[in-house]
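As the structure lists them, so they are numbered: ligands from 1, and atoms in each ligand from 1.
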Amino acid sequence: MKHLRFLLFSVLFSCSMRSADNAQLPEKFDIQGHRGCRGLMPENTIPAMIRALQIGVTTLEMDAVVTKDKKVILSHEPFMSHELATAPDGTVPGIGNEKSFNIYEMNYADIEKWDVGSMFHKRFPEQQKLKLHKPLLSDVIDSVENYIKQHKLRPVYYNIETKCQPSTDNVFHPAPDEFTSLLMDVINRKGIAGRVIIQSFDPRTLRVVHNSFPGIATALLVEGLSNPNHQTKLTDLGFTPSIYSPEYHLVNPSLLSFCRDKKMKLIPWTVNDSAEIVRLRSMGVDGIITDYPDRALKN
Ligand code: G3P
Ligand code: CA
């Protein structure tokens with residue numbers, strides 16, 4: 001009888017830690033540092049991830065793209081953005097020609113010669129300026145895990161976005177099967193699969209993860225411009241992801257109860273205003289993605 005009670009308790013406890021598709025996720029309110037902490041440090045760089053750890057995030061949000069030599073690196077765009085990149089010769093791409101500096105047509109040895117941390121960012125004037133390059137995902141994970149170990153911090157989660165879309169397959173990135181396989185190779189090699197969420201606006205890589213890597217959490221990203229029908233989004237995806245991640249102004253009580261019914265966590269992006277962070281938190285969302293995790297942790 002005692003054993004039966006223990007077994008029942010264990011089953012109930014493990015269920016409470018699991019989400020819709022059986023993946024492990026943070027149990028407490030999830031403060032996710034967007035691109036590390038874009039408000040404070042150059043986005044998608046190792047120092048941005050370390051600063052986010054120092055602030056105390058539960059999850060590091062980051063964007064993944066693939067190079068010509070098939071390395072997974074952090075970058076929001078699959079090219080050298082005019083907003084943040086400086087070429088090795090000191091020139092800067094223009095808004096009209098930035099896409100010609102296509103990361104999927106460049107080897108990593110050339111990509112790492114570009115500085116992506118020194119340029120002043122008009123929208124994030126508080127960003128500390130440092131000479132930095134786009135990092136390999138594997139180096140990001142090593143740096144983060146070492147920092148956690150050295151400073152005896154709680155393990156952090158990784159929310160990794162696959163930056164892809166059907167119209168640019170094999171132009172700016174590999175097709176979904178190859179993209180997912182390259183990404184999952186790094187994650188599995190580094191032994192962090194139990195703390196990874198794969199997120200995307202593109203349902204295709206999420207379907208690959210769901211079918212081929214069923215233990216990995218997934219997050220469906222939803223943009224707000226077209227006033228989306230949430231059920232249609234899920235029907236198109238074809239399964240219930242662990243997390244529903246809409247642009248923050250789409251959050252309302254009806255979306256919250258939709259997510260509760262489907263047993264999905266609701267984690268909106270990108271919430272930078274302190275009052276809005278408080279409002280969403282009191283509404284009952286499960287976490288927020290923010291460029292300023294310091295503001296989120298003050299509330
Ligand atoms: O994680 C959600 C958010 O990062 C999606 O938007 O454009 O900043 O990658 P974006
Ligand atoms: Ca992102």
>> Can you classify the ring geometry of F179 versus H173 as parallel (below 30°), tilted (30 to 60°) or perpendicular (above 60°)?
In response: tilted

> Any donor and acceptor pair, going by atom type alone, linking the side chain of W269 with main-chain N or O of I288 inside 3.5 Å?
Replying inline: no

> Rounded to 10°, how big is the angle at the Ca ion (ligand 2) from D63 OD1 to E161 OE1?
Replying inline: 90°

>> List ligand 1 atoms under 4.0 Å from K163, heavy atoms only on the residue side.
In response: 7 (O), 9 (O), 10 (P)

> Does some non-hydrogen atom of Q32 fall short of 4.0 Å from ligand 1?
Replying inline: no

> What is the closest protein heavy atom to atom 10 (P) of ligand 1, and at what distance does it sit?
Replying inline: H76 NE2, 3.3 Å

>> For ligand 1 and R35, I'd like to know whether there is a polar contact (N/O to N/O, distance under 3.5 Å).
In response: yes

> What class does the angle between the rings of Y244 and F258 fall in, given that below 30° is parallel, 30 to 60° is tilted and above 60° is perpendicular?
Replying inline: perpendicular

> Which N, O or S atom name in E61 marks its closest approach to the Ca ion (ligand 2)?
Replying inline: OE2

>> For atom 3 (C) of ligand 1, what's the nearest protein heavy-atom neighbour? Residue, atom name and distance, please.
In response: H34 NE2, 3.6 Å

> So which protein heavy atom does atom 1 (O) of ligand 1 come closest to, and at what separation?
Replying inline: Q199 OE1, 2.8 Å

>> With side chain to side chain donor-acceptor pair (under 3.5 Å) as the criterion, how do K134 and S75 come out once you've worked through the C-alpha distance, each side chain's angles and the decisive distance to 0.1 Å?
In response: CA-CA 7 Å; K134 291 187 187 286; S75 180; 2.9 Å; yes

> For ligand 1, which atoms have a heavy atom of L221 less than 4.0 angstrom away?
Replying inline: 1 (O), 2 (C)

> Near D63, which atoms of ligand 1 are under 4.0 Å from a heavy atom of that residue?
Replying inline: 9 (O)

> Has ligand 1 got any nitrogen or oxygen that is less than 3.5 angstrom from a nitrogen or oxygen of N159?
Replying inline: no

> With distance as the sole criterion, is a donor-acceptor pair present between the side chains of Y104 and K70 under 3.5 Å?
Replying inline: yes

> Looking just at side-chain N and O atoms, do H76 and D63 make a donor-acceptor pair shorter than 3.5 Å?
Replying inline: no

> Does R207 make a cation-pi contact with F239 (under 6.0 Å, within 45 degrees of the axis)?
Replying inline: no

> Will you find, in the side chains of D30 and T58, an N or O donor that is under 3.5 Å from an N or O acceptor?
Replying inline: yes

